Amino acid sequence: MTDLVTWAELGGSLAAIGGAAYARHAHPAAYWSTVGLPVSVARLLASYTSTMDACGLTVEPPRWRALAVKATTRREVRPVPPRRGMIRPTSTGLRIRLRLAPGQEPADVAASAERLRHAWGVHAVYVRDVKPGVVELRLVGFDVLRKVRMPRRTEAGPLRVPVALREDATAFVRDYRAVPHELVLGATLSGKSMFLRNLLAGLAAQPVVLVGIDCKRGVELAPFAPRLSALATDPEQAAELLPVLVKEMEDRYDLIKARQGIAPGTPDELITSDVWGLPEDERPAPIVLFVDEVAELFLVATRKEEERRDEMVTQLIRLAQLGRAAGIYLEVCGQRFGAELGKGATMLRAQLTGRVCHRVNDEASAKMALGDIAPEAVLASCAIAAELPGLAVVGDTSGGWSRIRTPHLSLADAAATCRETAHLTPAVPVLAPFRPYVPPVPVEESGPLATPQPITE
């Protein structure tokens, strides 16, 4: 009888271990909530002081504290770690704030992030500077980019679209007010179109003018035609559309100048240098221009096409340089982007503050996108595997970068979102000639009210 109980207990233990291993691989979020979280919290509490000491993050205690310890006890005075705040569990990891000791800086903690990850048995540790003397450790329990699940609460708002998930389990929010123009690169099947699809679907629900230039005959942007105010599907149409956008930008500057030319003594809050300072009833709707396959605008075969190319590139550069104050923003996408595209390519790239680099076919494209940000970002983008579509390296000209992955959004769902929000399309008379044709949705014919019965003899 004892042997039977022992074998039953052993079988139950093996089944539990096997189930935990399967859950860790197939359902990492569920495994973290049930097993990983309690284990990591126990490790952190049990080894916090010794881990900080091993990482060199402890300091000598104040003199008054050392004297108090010697006066009350005979214990040895040991270095003290940063003061730890309350542990806050999340669905993907843990968050904990540390108050740094005098003489420490956030870079000291960030340099020990890999050691902390191994000590506490988590997938990754990220350090964020909260305020002077306080940093936040974000512990991620599993690889959140393997199966993307966007956070429930995101910082959405006007011209702010949560479009992907960062590797630290926070949402990557595309904020056009903070980063007005962006360059998005990616080879075929790298996930660039999925990034663009999520971005369009997020902007469709806002009162924003969406303009597209898709020189692949519109195969990428045509499904979103109900929500587009203008669409050019070849270089000839793009050459006609871009001057209209430049003229719209100039008209908006005239509107701003008229607002500035008011009588002396007017309060400062009524004087503005961009469209966002105008009264809401006078403010024109912001415009977001999507340029897909930007290399098609640079490629030429004849001298006549070369002149047209130079004009289009010049207009794009003008929009990138001056469009922000007029409420015009650029999202430039392509498979390849380099100086060999021709005159103006490097100058245009310099105006695109945001950079998103998916898997590319050559290192030169990664350097063109991220080389002026950080060498580590170039290496990270070149290491993206083909089996992970949607994975990208995102950064800006401030020097920061991180890995993101876009959630899957089917083309049918994105197109349905654009159809449902078509009534939000702002009216821009100058773009009316470029409004894409939207075929009417066929109405399904209803069947007969009564099903005829078969004739029986």
Side-chain angles (χ1 to χ4, degrees), residues 55-57 92-93 98 104-120 122-130 135-146 148 163-175 178-179 181-187 190-192 194-195 332-339 345-346 349-406:
C55 294
L57 297 177
T92 57
L98 305 181
Q104 291 182 330
E105 62 177 353
D108 298 334
V109 184
S112 302
E114 190 68 14
R115 296 182 179 183
L116 299 177
R117 177 179 81 88
H118 288 285
W120 295 333
V122 293
H123 178 75
V125 176
Y126 300 95
V127 181
R128 183 173 68 92
D129 190 2
V130 178
V135 297
E136 181 182 71
L137 297 184
R138 180 180 290 270
L139 282 64
V140 181
F142 55 94
D143 187 2
V144 296
L145 299 184
R146 191 176 67 179
V148 178
V163 68
L165 184 68
R166 293 183 184 270
E167 58 185 344
D168 62 353
T170 60
F172 168 65
V173 179
R174 178 70 176 96
D175 188 353
V179 182
H181 312 304
E182 188 173 64
L183 175 64
V184 182
L185 294 183
S190 65
K192 172 174 60 68
M194 190 67 66
F195 181 90
V332 180
C333 309
Q335 298 184 29
R336 179 78 172 87
F337 198 87
T346 305
R349 184 202 66 160
Q351 303 297 327
L352 305 177
T353 306
R355 310 289 173 79
V356 178
C357 185
H358 296 78
R359 177 180 55 83
V360 290
N361 293 326
D362 59 328
E363 187 179 355
S365 293
K367 288 183 178 180
M368 193 69 174
L370 303 169
D372 55 344
I373 295 177
E376 298 84 359
V378 176
L379 297 177
S381 63
C382 293
I384 297 176
E387 295 78 16
L388 296 174
L391 188 64
V393 175
V394 60
D396 54 49
T397 52
S398 65
W401 66 275
S402 62
R403 296 196 310 161
I404 64 170
R405 193 175 186 187
T406 312

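All residue numbers in this chain count up from 1 along the given sequence. Given the structure is predicted, the values throughout are model-derived calculations rather than measurements.
Glu114 places none of its side-chain heavy atoms less than 4.5 Å from the side chain of Val125. Side-chain contact between Ile404 and Phe195 is present, with heavy atoms from C-beta onward closer than 4.5 Å. The shortest side-chain heavy-atom distance between Val127 and Leu137 falls under the 4.5 Å cut-off. Two residues are said to be in side-chain contact when any heavy atoms from C-beta on lie closer than 4.5 Å; Arg117 and Val122 meet this criterion. Under the 4.5 Å side-chain criterion, counting only non-hydrogen atoms from C-beta, Trp401 is not in contact with Leu370. Within the 4.5 Å cutoff, the side chain of Arg138 has heavy atoms near those of the Thr170 side chain. Side-chain contact check for Val148 versus Thr406: every heavy-atom pair is 4.5 Å or farther apart.
Between Leu139 atom CG and Thr92 atom OG1 the span is 10.0 Å, to the nearest 0.5 Å. Taken to the nearest 0.5 Å, the CG atom of Leu379 stands 7.5 Å off from the CD atom of Glu363. One distance of note links OG of Ser112 with CG of Leu57; it measures 4.5 Å at 0.5 Å rounding.
Ser190 pairs by the side-chain contact (heavy atoms from CB on, under 4.5 Å) definition with Lys192, His358, Arg359, not counting sequence neighbours. Partners of Arg403 by salt bridge (charged side-chain N to carboxylate O under 4.0 Å, His left out), not counting sequence neighbours, listed by chain and number: Glu167. Residues meeting the salt bridge (charged side-chain N to carboxylate O under 4.0 Å, His left out) test with Glu182, sequence neighbours left out: Arg174. The side-chain contact (heavy atoms from CB on, under 4.5 Å) test applied to Ala364 returns Arg336, Asp362, not counting sequence neighbours. Here Arg115 pairs with nothing under the salt bridge (charged side-chain N to carboxylate O under 4.0 Å, His left out) rule; sequence neighbours left out.
Residue Gly354 comes nearest to Val179 through the heavy atom pair N-CG1, 3.4 Å, listed as atom of the first residue, atom of the second, then distance. Ala369 and Cys357 get closest at one heavy-atom pair: CB-CB, 4.2 Å. When all heavy atoms are compared, the tightest approach of Arg355 to Arg349 is NH2-O, 3.2 Å.
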>> Using side chain to side chain contact (heavy atoms under 4.5 Å, CB included), reason through Arg405 and Leu165 one step at a time and then give a plain yes or no.
In response: CA-CA 5 Å; Arg405 193 175 186 187; Leu165 184 68; 5.7 Å; no
Only pairs under 3.5 Å count here: list side-chain donor-acceptor contacts from residues 381-392, not counting sequence neighbours, and write none if there are none.
unit_1 : atom_1 : unit_2 : atom_2 : d
Ser381 : OG     : Ala377 : O      : 3.3
Ser381 : OG     : Val378 : O      : 2.8

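Remark: of the listed residues Val394, Leu183, Val393, Leu185, Val394 is the sole one forming a side-chain contact (heavy atoms from CB on, under 4.5 Å) with Val356.
Within 6.0 Å of the CD atom in Glu105, the count of heavy atoms belonging to other residues, nucleotides or ligands exceeds 12.
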